[in-house]
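Just so it is clear, the values below take in all heavy atoms, side chains as well, and ignore hydrogens, waters and symmetry mates. Along the sequence shown, residues carry numbers from 1.
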Amino acid sequence: MQMTSAPHLLAEDGPEYERILGDALRHAHERPDLEGVGDRLNTEQLRTMALSATALITAAAATEYEHYVKARGELRRAATAEGADGAPAPDGPQSTAAGSGAGIGAVITVLTPLLAGSAAVIFLLVGYLLKAVSPSVAFAGSLVAAGWFFAAVAAAAILVASVGLLVTALRNSATSLAAENEEQELPEDVARAREAWRHALLERGILPFLRDALADPTAGPAARTPHRSPNRIPKVGYSRPDFSGPDDGPAAGPRPTFTSPDFTSPDFGGPEHQPD
């Protein structure tokens, strides 16, 4: 399958990313460029921000990650082909029967203490109640005996379940150790590709992101990408409109003048003053 130049982080590599991030935060006090940890932002805030920006951070090491995934895939395909040429995988009827047997055993281990304990409580309660009400009833003694029997069965079932849990925990621990040993025994090319990806992820992805976050705590994760300056939010400014004076326009014409109205007295008077 052809991979893109910036593949998404696979689910199996998510814990490795979190481990590298945790190591960087734990040793942040040893780096002068991360001296603001605890003052501006604490480690939990930085961890949350880095986890929410996983895609942006891992994109800085996309080339190394693509090479590592490709080398690991080739190793797994070779191991699968070798297994197909050798002994068949134990996925036949025997393994199916073993799986079904393990499922039935788990069900019995869980249900036996519950059922036996419930029966013990019921028998003991009814038996002692009958003894208190009618001591002469012989059936009460049988109920009490049955109750104690089921109590012993419940105790034994709990003991067996505890031993089973202990054995399962030891088996899982051994399996995880074997997986770690297998990881440490990777071929040289795969181990070298993995180490190159880890180094690139730390130096070009995680550390620049943490430095930017400490330099500008108010900016969100979406505004932070590796290899960018902290001041990545453009400032929007508005200039004052340029109003020109009347001298810049066309030549002004003569302004109209106004004179005060000429008010005169009326040219007529009373009856004794006749107009001319």
How far apart are the closest heavy atoms of [X] and [Y], and which atoms are they?
{"X": "Ala24", "Y": "Leu202", "answer": "CB-CD1, 3.8 Å"}
{"X": "Ala120", "Y": "Gly147", "answer": "CB-O, 3.3 Å"}
{"X": "Phe150", "Y": "Ala119", "answer": "CG-CB, 3.8 Å"}
{"X": "Gly117", "Y": "Ala154", "answer": "N-CB, 3.6 Å"}
{"X": "Ala193", "Y": "His67", "answer": "CB-CD2, 3.5 Å"}
{"X": "Gly127", "Y": "Ala140", "answer": "O-CB, 3.5 Å"}

Could you tell me whether the side chain of Ser134 and the main chain of Leu130 form a donor-acceptor pair under 3.5 Å?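 A pair under 3.5 Å: no.
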
Spell out, as yes or no, whether a donor-acceptor pair under 3.5 Å connects the side chain of Gln45 to the backbone of Asn42.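 Checked: pair present.
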
Rounded to the nearest 0.5 Å, what separation is found between the [atom1] atom of [X] and the [atom2] atom of [Y]?
{"X": "Thr54", "Y": "Asp13", "atom1": "OG1", "atom2": "CG", "answer": "12.0 Å"}
{"X": "Leu41", "Y": "Thr48", "atom1": "CG", "atom2": "OG1", "answer": "10.5 Å"}
{"X": "Ile206", "Y": "Leu201", "atom1": "CD1", "atom2": "CG", "answer": "4.0 Å"}
{"X": "Thr43", "Y": "Leu210", "atom1": "OG1", "atom2": "CG", "answer": "10.5 Å"}
{"X": "Met49", "Y": "Ile57", "atom1": "CE", "atom2": "CD1", "answer": "9.5 Å"}

Inspect the contact between Glu16 and Arg19 and indicate whether a charged nitrogen and a carboxylate oxygen are less than 4.0 angstrom apart.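 Between Glu16 and Arg19 there is a salt bridge, with a charged N closer than 4.0 Å to a carboxylate O.
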
Hey, is Asp23 close enough to Arg198 for a salt bridge, meaning N to O under 4.0 Å?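 No salt bridge links Asp23 with Arg198.
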
Same cluster for [X] and [Y] if Ile/Leu/Val/Met/Phe/Trp/Tyr side chains link at under 4.5 Å?
{"X": "Leu10", "Y": "Tyr68", "result": "yes"}
{"X": "Leu111", "Y": "Val160", "result": "no"}
{"X": "Leu115", "Y": "Ile158", "result": "no"}
{"X": "Phe149", "Y": "Leu159", "result": "no"}
{"X": "Ile122", "Y": "Leu114", "result": "no"}

Using a 6.0 Å cut-off, check whether atom NE2 of His199 has over 12 heavy atoms from anything other than its own residue.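 Not more than 12 within 6.0 Å, no.
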
Assess whether atom CD of Glu12 is packed by more than 12 heavy atoms of other residues, nucleotides or ligands within 6.0 Å.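 Yes, because the 6.0 Å sphere around CD of Glu12 holds more than 12 heavy atoms from other groups.
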
Intermediate values then yes/no, side chain to side chain contact (heavy atoms under 4.5 Å, CB included), Leu46 and Leu21: CA-CA 10 Å; Leu46 290 171; Leu21 174 62; over 6 Å; no

Going by side-chain heavy atoms closer than 4.5 Å, which hydrophobic residues are tied to Tyr128, directly or by a chain of links?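 Members other than Tyr128 - counting any ILVMFWY side chain reachable under 4.5 Å - are Leu124, Val144, Trp148.
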
Residue pair Leu9 / Tyr17, side-chain heavy-atom distance below 4.5 Å: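 Sidechains of Tyr17 and Leu9: in contact.
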
With a 4.5 Å cut-off on side-chain heavy atoms, are Leu75 and Asp189 touching?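 No, their side chains stay 4.5 Å or more apart.
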
Angle class for the Trp197/Tyr65 ring planes (parallel below 30°, perpendicular above 60°, tilted otherwise)?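 The rings of Trp197 and Tyr65 sit tilted, inter-plane angle from 30° to 60°.
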
